[in-house]
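Counting convention: from 1, in listed order, for ligands and their atoms alike.
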Amino acid sequence: MDTLILTRPDDWHLHLRDGAAMQSVLPDTAKRFARAIVMPNLKPPVRSVEEARAYRKRILAALPAGSDFQPLMTLYLTDNTDPGEIARAQASGFVHAVKYYPAGATTNSDMGVTDLSRCDAVFAEMERLGVPLLLHGEVTDACVDVFDREAVFIERHLIPLTRKFPALRIVLEHLTTQQGVEFVNAAPANVAATITAHHLLYNRNAMFQGGIRPHYFCLPILKREQHRQALIAAATSGSPKFFLGTDSAPHPVGVKESACGCAGIYTAHAALELYAEAFDAVGKLDRLEGFASQFGADFYGLPRNSSRVTLKRETWAVPAMQGLGEYSLVPLRAGENVRWTFAGSVD
Ligand SMILES: NC(=O)N[C@@H](CC(=O)O)C(=O)O
Ligand SMILES: [Zn+2]
Ligand SMILES: [Zn+2]
């Protein structure tokens, strides 16, 4: 099978940034995906429906001419989020979820939540209204090994949270561990997870291949091969609890190639193609459409897309760098090949 026709996919976890940086990355996503859940970790973060409305407007204004891409907005949860904002979010029609970052866990998370229990009134309202809670599921406890932070988050925080709010709709974002897969599989249907292409394609060795490789550094960090295998099994299982979320996270090259390089991998330039590679490698291309184009929409209660896209088994070379000037970035696979090519939309 050298040509693959799929329902147009959606990206359920994406960083678009803002301003000129957004302008330079948005076409990559808009070309492939019909919709994306847009992360709110701007500086300052998107905390209210009014801020989300303004951000959404800026995204729509930055779209290439003729694009019908739809940004699905999220709110950034803080210790001080007003429970009343949840009903306003739901009534807005354009805010689709609330994002939890533990304070200090990842890029632009300093205004995140310091203690989950501070948000109980917000969670109760989200549970009541069916608004999904998206989790960056890692503890920030310095005593916990960086490779264990997801598994410990599940034990210490997520299991208690699901007991307290059993009907709360939860997406464990960018799942990276076998423990995460087991947790999601055992949980009821209101708990799901997104999986990135890079966590399906690479294990932690990629960060140290012949030297230190900052462009493979993201959070949650790449894990051992055993965990990658568990993610592949989950993504290709046909379970509707696992769906596509690239976590494409652009950073200027200078911020990545630094004595203290920041976390985030840019994959939007080849997002669907990279997932096709990962599914193809285990002979499960027939499972890609559910994962990329159906299960996420179903979870969010949105219609599946009606248009389609084509992928071809054709190798292409990723440029060493993309973007301009201070927004130049190094995309995943820079200077290397991707084995599937995005061949456009079919109506
Ligand atoms: N994934 C990352 O490593 N970085 C993301 C933040 C996040 O999703 O945790 C970013 O905004 O750069
Ligand atoms: Zn995250
Ligand atoms: Zn992210």
Side-chain angles (χ1 to χ4, degrees), residues 10-19 21-22 24-26 28-29 33 36-46 55 71-77 96-113 132-140 146-147 149-150 153-154 157-158 170-177 180 193-202 204 206-207 213-223 231 243-258 260-268 271 274 296 323 327 329-332:
D10 303 302
D11 183 350
W12 301 99
H13 181 138
L14 175 67
H15 299 273
L16 283 176
R17 314 304 188 205
D18 210 344
M22 169 166 76
S24 85
V25 297
L26 184 56
D28 281 340
T29 293
F33 297 96
I37 283 279
V38 179
M39 290 296 134
N41 62 332
L42 303 182
K43 266 183 181 166
V46 179
Y55 184 30
L72 310 175
M73 309 312 290
T74 59
L75 299 186
Y76 184 111
L77 187 66
H96 293 268
V98 174
K99 179 66 190 263
Y100 161 79
Y101 292 99
T106 185
T107 306
N108 297 351
S109 63
D110 3 317
M111 295 181 76
V113 174
L133 174 66
L134 315 183
L135 301 173
H136 180 107
E138 288 196 291
V139 293
T140 52
V146 66
F147 294 98
R149 287 181 184 177
E150 180 175 288
F153 177 84
I154 292 169
H157 301 294
L158 188 49
I170 292 175
V171 185
L172 191 48
E173 299 290 332
H174 44 42
L175 199 66
T176 64
T177 59
T194 56
I195 304 180
T196 76
H198 45 281
H199 289 103
L200 290 175
L201 289 166
Y202 297 99
R204 65 192 193 175
M207 286 184 293
R213 303 265 192 159
H215 299 293
Y216 289 92
F217 175 57
C218 65
L219 289 170
I221 200 159
L222 293 171
K223 304 294 194 297
L231 296 173
F243 42 85
L244 185 157
T246 62
D247 191 21
S248 179
H251 290 283
V253 57
V255 183
K256 295 284 297 171
E257 297 179 3
S258 143
C260 186
C262 65
I265 298 181
Y266 186 73
T267 54
L274 291 166
Y327 300 109
L329 62 85
V330 176
L332 189 70

Which N, O or S atom of His13 lies nearest to the Zn ion (ligand 3), by name: NE2
Rounded to 10 degrees, the angle OD1 of Asp247 makes with NE2 of His15 at the Zn ion (ligand 3): 90°
Tell me which part of His136 gets within contact of ligand 1: side chain, backbone, both or neither, using heavy atoms under 4.0 Å. side chain
Nearest protein heavy atom with distance in Å, relative to atom 1 (N) of ligand 1: Asp247 OD2, 2.7 Å
Show which atoms of ligand 1 fall inside a sub-4.0 Å distance from at least one heavy-atom site of Gly264. 2 (C), 3 (O), 4 (N)
Could you walk me through whether His198 and Tyr202 pass ring pair (Phe, Tyr, Trp, His ring centres under 6.0 Å), step by step? CA-CA 6 Å; His198 45 281; Tyr202 297 99; 8.3 Å; no
What is the nearest protein non-hydrogen atom to atom 3 (O) of ligand 1, stated with its residue, atom name and distance? Leu219 N, 2.8 Å
Taking atom types as modelled and ignoring hydrogens, do the side chains of Asp28 and Tyr266 form a donor-acceptor contact shorter than 3.5 angstrom? yes
Could you see which bit of His251 sits under 4.0 Å from ligand 1, with heavy atoms only: side chain, backbone, both or neither? side chain
In this structure, atom 4 (N) of ligand 1 is nearest to the protein heavy atom Ala263 O, 3.2 Å
Under a 4.0 angstrom heavy-atom cut-off, which atoms of ligand 1 come close to Cys218? 3 (O)
How does Lys99 reach ligand 1, if at all, at less than 4.0 Å between non-hydrogen atoms: by side chain, backbone, both, or neither? neither
To the nearest 10°, how many degrees is the angle His136 ND1 to the Zn ion (ligand 2) to His174 NE2? 100°
Contact atoms of ligand 1, heavy-atom distance to His174 under 4.0 Å: 8 (O), 9 (O)
Can you list the ligand 1 atoms lying under 4.0 Å from a non-hydrogen atom of Asn41? 6 (C), 10 (C), 11 (O)
Are any side-chain N or O atoms of Glu150 and backbone N or O atoms of Thr176, one a donor and one an acceptor, separated by less than 3.5 Å? yes
Under 4.0 Å to a heavy atom of His13 - the qualifying atoms of ligand 1, by number: 8 (O)
